[in-house]
Each structure stands twice: as structure tokens, then as C-alpha cells.
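Quick note on labels: first sequence line is chain A, next is B, and so on, each numbered from 1.
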2 protein chains.
Amino acid sequence: MELTDRKKRILRAIVETYIATAEPVGSKAVAELSGLDVSTATIRNEMADLTELGYLEQPHTSAGRIPSPAGYRLYVNELMDRQQLTIQETQRINEALNLKMEELDRVIDRAGKVLSQLSDYPVFTMSAVKERVTVKRFDLLMVEENAFIAVVMTDNSVVKNKLIHLPDQLSDTQLQLLSAVLNNSFVGLTREEMEQALDKMEAHTAPAAFQLISLVVEFAIEVLEDQSQQKIRTAGITHLLEHPEYKSLDKAKPLMNYLSEEDGATSLPVKLDEGQNMNILIGPENVSEALKDTSVIMASYDIGDNMRGVIGVVGPTRMDYAKVTARLSYFADSLTRMFGKELPPGGKPEE
Amino acid sequence: MELTDRKKRILRAIVETYIATAEPVGSKAVAELSGLDVSTATIRNEMADLTELGYLEQPHTSAGRIPSPAGYRLYVNELMDRQQLTIQETQRINEALNLKMEELDRVIDRAGKVLSQLSDYPVFTMSAVKERVTVKRFDLLMVEENAFIAVVMTDNSVVKNKLIHLPDQLSDTQLQLLSAVLNNSFVGLTREEMEQALDKMEAHTAPAAFQLISLVVEFAIEVLEDQSQQKIRTAGITHLLEHPEYKSLDKAKPLMNYLSEEDGATSLPVKLDEGQNMNILIGPENVSEALKDTSVIMASYDIGDNMRGVIGVVGPTRMDYAKVTARLSYFADSLTRMFGKELPPGGKPEE
DNA sequence: CTTAGCACTCCACTTCCCTGAGTGCTAAAG
DNA sequence: CTTTAGCACTCAGGGAAGTGGAGTGCTAAG
């Protein structure tokens, strides 16, 4: 059954006041704020209906109402105004992103921090993943007789290096030979394939040579592992403490721990279906126990080469959805615009 | 004036019980715990003396006593037992450090985390600095016609690379030429010297070539900057919340913010005089306002090549100094042993 | 269907009191 | 001169009781 327009306006007024004040909303407040020209008694009747329908909750008999998760859901789906960003905010974002166009990771880290400041909530970022990452080429650079630098470049254009010390001396020719072996046998392989190839090679290779090869290949494997790992970082956890629902430490502590422990954050619900680029999880919709009273808003950004990342905001269910989604989507779009292919026209902040 | 032995035992008992319980200590508790066979009245007299001398404080008339900063100072200087680590703990530390002997930064990061878990306090780490860092050599690797990898190796054996895209195509010969210029003119220079050399070169070099050179040199400058910067990281800030002095959020928030904002942490009092390898700052001895009710224990570790880092623990003045110093010094020693030259015999965990 | 009125509920806050741990002082004992 | 016992005093913390007020649900009238 569809709600009447008046019920919607009442629900909306309740959600928004509750978001702003964090306190149960009574019929009087609704009468004033909803813009409806009816008495509090009428409002009370409507509120009783809405409670009946499961959109509102009552902490105790004589308190006002607060939105239920279903109420929030309805709000974000239908009722919410899409907020605009101020010019200062867009500037701030742009500065944060443009800043020297450093490495991807660092830009995203910084993006997380700024977003956290703008939204007053903690933010998590997940750097992009690709299904199949392989090594594109190996380079070896002699440094001293017993040390060289191994440079590994992956097919998503990440370059990593490592200084490798050797027990024995090594000639230039040997190094070139090594380079040839590596580039012939280990290019284009994924991590697992490399491990297999290495195992197979062990049988018919001289131990000394094999040791040398595996030194470099193991480094390459590490690099690939690192690439395919979903690295989740969080920023601005302390913002939690600013919100009244985390005034009691007993409430704040578990969530803060969950977010600050890497392991915890790893299980963040960073599923984002293909095509969809913004997702809101309200309270109990979260799988993880620690997030039961928490909402998560996340957006994805596209990076070239099949890569995709997620950036998201964590806050109490009474989170300012309108404000956060506006900022978040602008961020995600900016990241996409910055790293990825062209954005289809229309994907601008003014949604 | 020297304190009598009995006064010292009483002070010590008070400090230790207060550390354990976080509550003012009364004469009765002292009588039982100090091991002295005297009445509470005698203890009271002594405690009155100690208060007079400034070693103890009284939150209000009829509460027990708590140690003053001077009392803590005396405790850490003279009274404190040097704690031993359990075997499990040393194992834990060793695992954390050995783990794959990754990059310096990561090892230290991880060390910070484990230390924070072991001590239940937040930990900060500062990576090492060297006075004069220069580039030891440049290497350039062609990737495509319009892109190459620049590899920069500094004299403290740090290797960084960057993928550089070009507007135009570049031949192998040109690349070799570029490499020669770089290795001839910019090796052995510090950041500032490089900037000067680059300026001077601009006058008598073809614009196209100069642009190419400066692309790489600017990257090298970034690398050096990065090296000479004191990078401070913190770990385990949420541990603060476990301690009763930060039960009220008003207390916890400023300190947490101070620690989690990079800028704030930068001003941490990481001075450590040469030769000294453990330092304790108690409450008001800290310069920064946010640390006034906070103690900082820090230890330095040596890394080869004139480099030195600091790792430290932040906690309430009522922090378990004995426990923390034991763990901290073992950590610092392990880091030194791992990266640096041999430790002089005797620098073992047992003080 | 809307509204005014009214009795009722219950949280949040204040006030008050009380308890108990701890103190300082004094006077006696060693 | 030091130690001890005794005692009156202080004060934070916690519970009990009381109160105000916001909000509700119901009823009856417009």
C-alpha cells in the first residue's frame, strides 16, 4: 500500500529532525516543521499509523518517535532531497585530488581524509582490484658485485622494485641471463601460475641458478599478491565521538575497534553490484554484528584497466544521508574522472 | 634531602597501586601492600610528609593520595623494577619483526601495532632521518616508445621508481644520453643542490632536453624530500579508551585527535639526545598542551648509515612505566639488531 | 475526517540524605 | 622522640524520592 502524501511529509519531517537533533521527535515539532497546516492531534493519528506500518519506532510510551530502519530506507529511496555542494567544498575536494597527482594510493588516502572532514564521519576506502594481474616485464640493475635491483612491472602499470643482496658475486653476463630467463618464463603469469612454473623449473635447473631465479620470482609474487589484495584503509575514526550515539564509550569502543583493526575493516560489506555506483546499507541490513546500529554509504569509482575501487562512509543510522551521498558521489565521480575513462555525460555532481 | 627508606617504600607502593587501580590510594591499602609492619596512622604521617615534599597529591581532602609528576619521576628514576618479558611476548615481537623482512617502513609500522597491543597504549613511530641524503645513481628503463621507468637509488639504499609518460616518442639513444646526463650531473647532490644545479642547467640546455631532465630530477627531489622528512605514524589510538582517565569523552577526544592528525603528531616531542636511548616525559614535562596530562616513553633505534628512528608509547601519567619500558627497550633493541650494526654486548632485554 | 481537551505515562533531572573511606589531630604508650 | 590508638571531621559517590514536562492515546464535539 502506498503512503498518502501527508504521511510521507510527516515521515520526512521526522527523519530530518531526528537526523539533526538525535532526539525523538514529538507531534508538536512535526506540526511546526512539516509545513502541514494541521493540528498536533492529527499528526499524532498519522504517526500512530506510521508506527503501525513499521516506519517509526517509539523508545518508550511517552517519548516522541524515531525512524525505524524501514523508515530510513523509505527516506533515502523516495523522500530525500539530493543536496548540492557548496563551491568551497568542491574546491576543497578538487585540491585534495589534484594535489600533485601523486600515486594512486596516496591520492585515495587523502581523499578519504578530506571526505571524512567534510562529512564528520569515518571513511573507508578500498583500492581497486583486478581479476587477473600478471607481470609485464622484469628489469635487473646491477648495483655492486653482490647486489642488484629487481624492477617488476605489472600489466596494470604498477612498478615495484627491491634491492636484492646476494651471498656471492655476480657477473654482468649472469645478470643478463637471469633477466632473459625471467622475461621468457614468468611474464604474463598470475601469482598461482608463477608458483607452479617455479616448482616445475626446480627439477631441471642448477640449484645455484634456481635460487637466484626464485629470489626474484618470489618478489614478483609478493607484488602481485599485494596488487590483488583488497587494501582497506580507514580515516577519521575519531569523528565517531562527535555524535551523541557514541557518547557512551561502551557504544563507541567496539565500532572504533572494528574500524581501526585492519582485519575488522576487511570484512566491511564492500559488495557493490556491477553497474550500481552508490549503495546505502541501513542498520540491520549490514551483515556484520558490529555494524548493526550503523549505516554505511558507499560509492564506487572506476579506474582504467578493469579496476574499480570503493569509498564509503560509516555512521549511525541517524546519519545525514542527503549530505553524505552528495559529497560521496562527487568524490567518486572525481576519482573516476581523474583516473578513468571519460565519464558518460550526466554523471555530474548535480545528480 | 634524601628520602628515608620507609618513605620510598611507601611512595613506591602508592605509585604501583595507583597505576594498577587508577584510584587514589589510602593509608590502609599502603599499610597492607607496602610490606611495612606499621600502623595506618604512621603511614598517614609519612604520607603527609610526602605530600608536603611534593611527591604526592590529594584530589580532595578526604580522598587517598595519588602520585604527583615529581612522584612519578622519582619512581621511574629510582624505585621502579625493571620488568622481564615473558617468552610469549618476546616470541610475538620477534615474529612481528622477522615477518618476511619486508620494507623498513612496513616493519616499523607493524612493530608499532604489536607494541601497542602489548602495552595497551597508543604507539607512535618516527622513521629514521639522515642529515645528508643524496642520489647514488639513476637508471632508466624503456617501456614503450613514449614511456619509461625512472629508478632512483639513494645513498642510504632506498630505491624508488616512477613510470614517466612522455608527450613525444623517445629513442633508445636519447634515453642513454639522458641517463648519462643525470648520472654525471646529479649524483651525490642533496635536494637543495639538485634544485640549484637544475636552475643553472636551464640556461644552456635545449628546452626539449631540459624538460626531459627536469622530469626525472624532480622525481629524484621528491624522493629525497620524502627521505629526509620525519614521517610519524601512530597505531592503536583506540587503546586510550580502555583506560579510566579517558572514560569521559571530553578527555579522550582532544588527545585522540592530536594523535590521529598527522600534523599534530608531527609535533610530538621526539627529541632524543645523542647517546641516550630511552627517555621518559611525565605529564607537565611535555611541551605540547594536549599532552599535559600524559606521559610519553620513547626509545631510539639505530639503523645503519647514520640513521636513527624513534618509537614511543603515549599514555596517562598513571601508565605502567615498568611494563612499558621493558617492552619498548626490547623493541628498540630488536630493531637495532635487525637493521643496524651489531649491538654492543649487554644490550639485551634484561636491561 | 479533523480537532480540542484531558488524563495518563514515563524519562530526565534535581534534591536530599546517607554511607564509608580517608584524613588530621591529639593524647597515651613505648 | 617515635609510634599507635582513638576520634571527630570531610567529602565524593550512590541511592531514594520527588517533580516537571513532553508526549501519548482516547474521547467527544465540530
What residues in residues 14-28 of chain A put a non-hydrogen atom under 4.0 Å from any atom of DNA chain D? A:G26, A:S27
Using the test side-chain contact (heavy atoms from CB on, under 4.5 Å), find all partners of B:S39 that sit at least two apart in sequence or belong to another chain. B:A41, B:T42
Would you indicate which nucleotide in D:dT4, C:dT9, C:dG24 comes nearest to any side-chain atom of B:A41? D:dT4
The residue, B:H60 or B:R6, whose nearest nucleotide of DNA chain D is more 5′ is B:R6
For the pair made of CG in A:L36 and P in C:dT3, what is the distance, rounded to whole Å? 10 Å
For A:E32 and D:dA22, give me the distance from atom CD to atom P, rounded to whole Å. 12 Å
Think B:S39 has a side-chain N or O under 4.0 angstrom from the OP1 or OP2 of D:dT4? yes
Hey, what do you get for CD1 (B:I66) to CG (B:L56), rounding to the nearest 0.5 Å? 9.0 Å
Quick one: do B:F124 and B:R233 satisfy side-chain contact (heavy atoms from CB on, under 4.5 Å)? Show the steps, please. CA-CA 6 Å; B:F124 67 91; B:R233 315 264 274 115; over 6 Å; no
Parallel, tilted or perpendicular: which fits the ring planes of A:Y72 and A:Y18, with parallel below 30° and perpendicular above 60°? tilted
Can you tell me the distance, in whole Å, between the CZ atom of A:R44 and the C1' atom of C:dT3? 10 Å
Taking atom C1' of D:dT3 as reference, at what distance in whole Å does atom CD1 of B:I10 sit? 13 Å
The nucleotide from C:dT3, D:dT4, D:dT10 with an atom nearest the side chain of B:T42 is D:dT4
Taking B:R65 first and then B:E57, would you say they form a salt bridge - that is, a charged N and a carboxylate O separated by under 4.0 Å? no
With the side chain defined as heavy atoms from C-beta on, B:Q58 is closest, among C:dA4, D:dG25, C:dG24, to C:dG24
Using atom CD of B:E57 as one end and atom C1' of C:dT23 as the other, report the distance to the nearest whole Å. 17 Å
For nucleotides 27-29 of chain D, give me every protein contact, N/O to N/O, under 3.5 Å, one pair per line with atom names.
none

What is the separation between atom CD on A:E46 and atom P on C:dT2, rounded to the nearest whole Å? 7 Å
Any idea which heavy atoms bring A:S27 and A:T40 closest together, and the distance? CB-O, 3.8 Å
Per atom distances to the B:T61 side chain, the nearest of D:dC11, C:dT3, C:dT9 is D:dC11
Measuring from B:M278:CE to B:M298:CE, what's the distance to the nearest 0.5 Å? 11.0 Å
Heavy atoms only, 4.0 Å cut-off, all strands: where does A:A63 land among base, sugar-phosphate and nothing? sugar-phosphate
Between A:E16 and A:Y75: side-chain donor-acceptor atoms closer than 3.5 Å: yes
Please report, rounded to the nearest Å, how far the P atom of C:dC10 is from the CZ atom of A:R65. 14 Å
B:L118 side, atom CG; B:I93 side, atom CD1 - distance, nearest 0.5 Å: 5.5 Å
Separation of C:dT2 atom C1' from A:D49 atom CG, nearest Å, is 14 Å
Salt-bridge present (B:R12, B:D81; N to O < 4.0 Å): yes
